[in-house]
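Working notes for the structure below.
Here is how names work: the chains are called A, B, and so on, in the same order as the sequence lines, proteins then strands, and each is numbered from 1. Only this structure's heavy atoms are used, side chains among them; waters, hydrogens and symmetry mates stay out.
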There are 2 protein chains.
Amino acid sequence: MCEKSIKELVDHYINVSFSVNKIAEGLVKEQIGSDLTNDQHYTLRYINKVGTCTSSELAEVFDVKKSAITAIITRMWEKGLIQRTRDENDRRVVYLTLTDKGNELFLKTEERIQALVESFITRFDQSEVVQFLKTFDKLNEILTERKSKVE
Amino acid sequence: MCEKSIKELVDHYINVSFSVNKIAEGLVKEQIGSDLTNDQHYTLRYINKVGTCTSSELAEVFDVKKSAITAIITRMWEKGLIQRTRDENDRRVVYLTLTDKGNELFLKTEERIQALVESFITRFDQSEVVQFLKTFDKLNEILTERKSKVE
DNA sequence: GTTTAACTGTTCAACTATTTAACTATTAAC
DNA sequence: GTTAATAGTTAAATAGTTGAACAGTTAAAC
């Protein structure tokens, strides 16, 4: 009986997370507009946060191969959103930073996404949101741990 | 002060949901194996659940254009996982069902994914999971509502 | 009853994303 | 000094996506 209950919870989680992800992705895409794809916005977002990073770092964060990152960065570089700078000490490394244009575009779209997320997050009690994020964080930790074990 | 707090919550949510999605997607991909992609598994999953559906229905559920569904279904049809049957009453409609092979493959991979999700869901108190899913459901409802408004 | 409008699904061209494998250039290890 | 490992790129193959145009079918208007 208890086993069945867990299976139901698991099934429930898979269904809801699929649905939420799909819809949220679609809504975010609308806010981003046609200038960028979702991945490109998240790339801007990450580089904006850390200031400077490498392709390998992005590959780790996005959980894809480095060649996939090269493709994404090249597209954004062609649009003038990202700058590539070789490290003079270790000439294998290429540092990625946002151009002014990239930063501007990020801020513009991020504002819209923040407003979108805020518009539905404020429909919950603050305590409920805090509790939800607490569990979400814990899930994130467990997944991160699991991921590094697998590798 | 309260405004800043909301902004922080929003930022927190965006970061965590991005991270969880990326990692979970990667882990699920490993469980699915090379026979299928994530989207293909979720397609099997949906058709298995409802028994029979149409391309338009899938486009709605996956939140993509119908031409995208046609491409996915054709690939799976070529692998012998999905059957296409014309409705004889309304000859515009094509019903999609799983073949035996499709159903078998779904069950095999679903078992592994269930085990994966169970392995981390059981690291939470049951009450915490229930509360989390309750909030997740509510979020799902709000997003669904918002999505239908936009359209 | 015929024309018009709406709907279901497909095709095509263009694009983004991804993986695998081979490769260049560079640095570290022994 | 040769060998290992590392950072990043390239190229071919595959998946997914959109937008626009299209065929076939059904419903509505008149």
Side-chain angles (χ1 to χ4, degrees), chain A residues 18 21-23 25-30 32-44 46 52-79 81-97 151, chain B residues 18 21-23 25-26 28-30 32-44 46-47 52-79 81-97 151:
Chain A
F18 173 78
N21 285 350
K22 283 291 179 185
I23 300 177
E25 210 174 279
L27 290 175
V28 165
K29 204 182 294 180
E30 280 173 15
I32 288 176
S34 57
D35 291 338
L36 294 173
T37 65
N38 280 12
D39 279 352
Q40 286 173 356
H41 175 70
Y42 279 113
T43 304
L44 290 184
Y46 184 79
T52 299
C53 72
T54 63
S55 285
S56 300
E57 192 179 336
L58 278 179
E60 173 73 18
V61 171
F62 281 70
D63 201 21
V64 295
K65 298 284 176 275
K66 283 188 292 184
S67 55
I69 298 296
T70 298
I72 293 175
I73 296 299
T74 299
R75 270 175 231 116
M76 298 175 75
W77 175 78
E78 283 168 350
K79 289 183 195 166
L81 303 174
I82 284 183
Q83 203 171 5
R84 283 168 154 143
T85 315
R86 265 232 129 74
D87 183 346
E88 288 304 324
N89 293 337
D90 184 344
R91 292 190 51 75
R92 290 171 301 184
V93 179
V94 174
Y95 293 122
L96 306 172
T97 50
E151 284 165 346
Chain B
F18 173 79
N21 285 350
K22 282 291 178 185
I23 300 177
E25 211 174 279
V28 165
K29 204 182 293 178
E30 280 173 14
I32 287 176
S34 58
D35 290 340
L36 293 173
T37 64
N38 279 11
D39 278 351
Q40 287 173 355
H41 175 71
Y42 279 113
T43 304
L44 290 183
Y46 184 79
I47 301 180
T52 299
C53 73
T54 63
S55 283
S56 300
E57 193 179 335
L58 278 179
E60 173 75 17
V61 172
F62 281 69
D63 201 21
V64 294
K65 298 284 176 274
K66 284 187 290 185
S67 55
I69 298 296
T70 298
I72 293 176
I73 296 300
T74 299
R75 270 175 232 117
M76 297 176 76
W77 175 78
E78 282 167 350
K79 289 184 197 165
L81 303 174
I82 284 183
Q83 203 172 3
R84 283 168 154 144
T85 315
R86 267 235 127 72
D87 182 345
E88 288 304 325
N89 293 338
D90 185 342
R91 293 188 52 73
R92 290 171 300 186
V93 179
V94 175
Y95 292 123
L96 305 173
T97 50
E151 285 164 349

Look for any protein N or O under 3.5 Å of an N or O in nucleotides 22-24 of chain C and output each such pair with its distance, or none.
none

What's touching nucleotides 28-30 of chain C from the protein side, N or O pairs under 3.5 Å?
none

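Here the shortest heavy-atom pairing between A:Ile73 and A:Ile82 reads CD1-CD1, 3.8 Å. Nearest heavy-atom pair across A:Lys66 and A:Ser56 is CD-OG, 3.4 Å.
With rounding to the nearest 0.5 Å, the separation of CD in A:Gln83 from OG1 in A:Thr97 is 4.5 Å. Considering CD of B:Glu25 and CD of B:Glu30, their distance stands at 12.5 Å, rounded to 0.5 Å. Note that CD1 of B:Ile32 is 9.0 Å distant from CD of B:Gln40, once rounded to the nearest 0.5 Å.
B:Glu78 places its CD atom 12 Å from the P atom of C:dT10, with the value rounded to the nearest Å. One interatomic measurement links the two molecules: CE of A:Met76 to C1' of C:dC15, which rounds to 16 Å at whole-angstrom precision. Distance, B:Glu88 CD to D:dT25 C1': 13 Å, rounded to whole Å. Rounded to whole angstrom, the span from the CD1 atom of B:Ile73 across to the P atom of C:dG9 amounts to 11 Å. Atom CD of B:Glu60 is separated from atom P of C:dC7 by 14 Å (rounded to the nearest Å). Rounding to whole angstrom units, CZ of residue B:Arg91 and C1' of C:dG9 are separated by 13 Å. Distance CG (B:Asn89) to C1' (C:dT8): 15 Å, rounded to an integer number of Å. When rounded to the nearest whole Å, the span between OH of A:Tyr95 and P of D:dT6 equals 17 Å.
Counting heavy atoms from C-beta on, the side chains of A:Arg84 and A:Thr74 come closer than 4.5 Å. Looking at heavy atoms from C-beta onward, B:Asp87 lies out of side-chain contact with B:Val94 at the 4.5 angstrom threshold. Side chains of B:Cys53 and B:Leu58 form a contact here, defined as non-hydrogen atoms less than 4.5 Å apart.
Base pairing of D:dA4: no nucleotide in any strand meets the Watson-Crick or G-U wobble criterion (both distances under 3.5 Å). The pairing partner recorded for C:dT27 is none, the criterion being a Watson-Crick or G-U wobble arrangement whose two distances lie under 3.5 angstrom.
Looking at A:Asp39 and A:Arg75, no side-chain N of the basic residue comes within less than 4.0 Å of a carboxylate O on the acidic one, giving no salt bridge.
With no hydrogens or angles considered, a side-chain donor-acceptor pair links B:Tyr46 and B:Glu57 at under 3.5 Å. With no hydrogens or angles considered, no side-chain donor-acceptor pair links B:Arg92 and B:Thr54 at under 3.5 Å.
By the rule that a glycosidic angle within 90° of 0 means syn, C:dA5 does not qualify and counts as anti.
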Original post:
Reading nucleotides 12-20 of chain D 5' to 3', which nucleotides get B (base under 4.0 Å from a protein heavy atom), which S (sugar-phosphate only), which -?
Top reply: ---SBBBB-
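Phosphate contact (OP1/OP2 of C:dT10, side-chain N/O of B:Arg84, threshold under 4.0 Å): present. The side chain of A:Ser56 places an N or O atom within less than 4.0 Å of a non-bridging phosphate oxygen (OP1 or OP2) of D:dG8. The side chain of B:Thr54 contributes no N or O atom lying less than 4.0 Å from OP1 or OP2 of C:dT8.
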